[in-house]
Q: 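My questions all concern the structure below.
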Amino acid sequence: MTSNRPANRFRPTVWLAIGLIVAYLVFYLLVGQLTSRIFADRIADDNVLATAPSIWLGLVLPIAVGASALLLVTTRMGLLATIFGPQPVRGRGWMWLGPVLVLAAIIAHLAGTEWDSWTAAQVVAIVVLGLCVGVVEELATRGLTVQILREAGHSEWFVAVVSSAMFALMHSVNLISGMELTTVAGTVVYTFGFGMCMYLAMRVTGTIWAAIVLHASTDPTTILSTGGLDTAAGGSGGGASTVAAFVTVVLIGFGVVAVFFIRGRAREPQSSPDA
């Protein structure tokens with residue numbers, strides 16, 4: 001496969017992708033530990049979402065620093081333009097169901113949010129947090145991981161499954177923060193299905209920006225609706241929360257089933273066959 005982009009200074013392998021994810025997670029956790037010590041008096045120990053300053057310093061700052069570092073690494077690897085450029089493999093019509101389900105969950109969470117429970121400052125901080133998470137997690141998985149696996153010559157089935165699995169396993173680090181094993185396990189299952197939907201969104205729209213926008217909208221609306229971190233569904237908004245929970249279950253199921261229908265292999269954009 002030929003490319004107009006200058007030759008990489010790295011050898012694309014699965015282990016390189018895993019190494020980058022692990023390196024990012026270690027860096028993010030170290031930054032989180034540092035900021036929690038520096039701003040210990042301003043970060044709420046019992047509930048980091050309790051105040052806007054706690055959200056900014058305890059959640060947004062470490063993610064923003066991690067995103068900046070990952071963008072720098074991506075630039076140094078010469079992959080920034082490729083990742084944020086047109087997708088080399090077009091999607092099929094059925095793949096639209098992935099982003100549609102995610103959008104439905106976002107709308108349900110918005111409808112199920114008890115806005116009186118949040119201050120305007122908290123909402124702004126949570127929205128910015130979602131933006132940072134959307135950028136860094138999509139760049140790490142649907143960006144770097146997908147691109148490296150494609151350049152290693154793997155099929156799109158392999159690319160989709162491995163990148164989604166790596167995205168899901170990234171959330172297992174919540175065990176370090178003391179989150180219960182059952183909650184982490186549920187989050188990992190949910191994020192695999194969600195990751196598949198993000199891959200499909202990227203394929204069918206032809207750009208990683210679709211996945212970033214959907215992801216950046218999912219996290220804050222879920223937090224605002226449920227009142228917690230890494231909570232896939234639920235909340236106290238009555239019927240809307242029930243709808244959100246139902247859509248989330250369907251989303252997970254669809255993501256798993258989609259694994260069996262993904263076909264294709266990356267080609268240059270100008271010669272990409274339908275996959």
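In this chain, numbering begins with 1 at the start of the sequence shown. Given the structure is predicted, the values throughout are model-derived calculations rather than measurements.
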Q: To the nearest 0.5 Å, tell me how far Thr82 OG1 sits from Leu144 CG.
A: 11.0 Å
Q: Who are the side-chain contact (heavy atoms from CB on, under 4.5 Å) partners of Thr35, not counting sequence neighbours?
A: Val31, Phe39, Leu61, Pro62
Q: Out of curiosity, Arg263 CZ to Arg265 CZ, how far, rounded to the nearest 0.5 Å?
A: 12.5 Å
Q: If every non-hydrogen atom of Ile262 is compared with every non-hydrogen atom of Ala160, which pair is closest and at what distance?
A: CD1-CB, 3.5 Å
Q: Could you check if a side-chain atom of Thr113 sits within less than 4.5 angstrom of a side-chain atom of Thr221, using non-hydrogen atoms only?
A: no
Q: Do Arg142 and Glu137 meet the salt-bridge criterion of a basic N to acidic O distance under 4.0 Å?
A: no
Q: Tell me every residue that passes side-chain contact (heavy atoms from CB on, under 4.5 Å) with Val48, counting only those two or more places apart in sequence or in another chain.
A: Ile43, Ser54, Leu59, Leu229
Q: Are Thr205 and Trp96 packed together at the side-chain level, in the sense that at least one heavy-atom pair is separated by less than 4.5 angstrom?
A: yes
Q: Which heavy atom of Gly255 sits nearest to which heavy atom of Met196, and what is that distance?
A: O-CG, 3.5 Å
Q: Working to the nearest 0.5 angstrom, can you tell me the gap between Thr51 OG1 and Trp56 CH2?
A: 12.5 Å
Q: Is there a side-chain contact between Met170 and Leu25 in this structure, where contact means two heavy atoms from C-beta onward sitting under 4.5 Å apart?
A: yes
Q: So Leu101 and Val250, do their side chains get closer than 4.5 Å, heavy atoms only?
A: yes
Q: OG1 of Thr218 to CE of Met198: how many Å apart, nearest 0.5 Å?
A: 6.0 Å
Q: Report yes if the side chains of Glu151 and Phe10 come closer than 4.5 Å at any heavy-atom pair, otherwise no.
A: yes
Q: With ring centroids as reference points, do Phe194 and His171 lie under 6.0 angstrom apart?
A: no
Q: Using side-chain hydrogen bond (donor to acceptor under 3.5 Å, both in side chains) as the criterion, list what pairs up with Ser172, not counting sequence neighbours.
A: none
Q: Other residues, nucleotides and ligands only: do more than 12 of their heavy atoms fall within 6.0 Å of CZ on Phe84?
A: yes
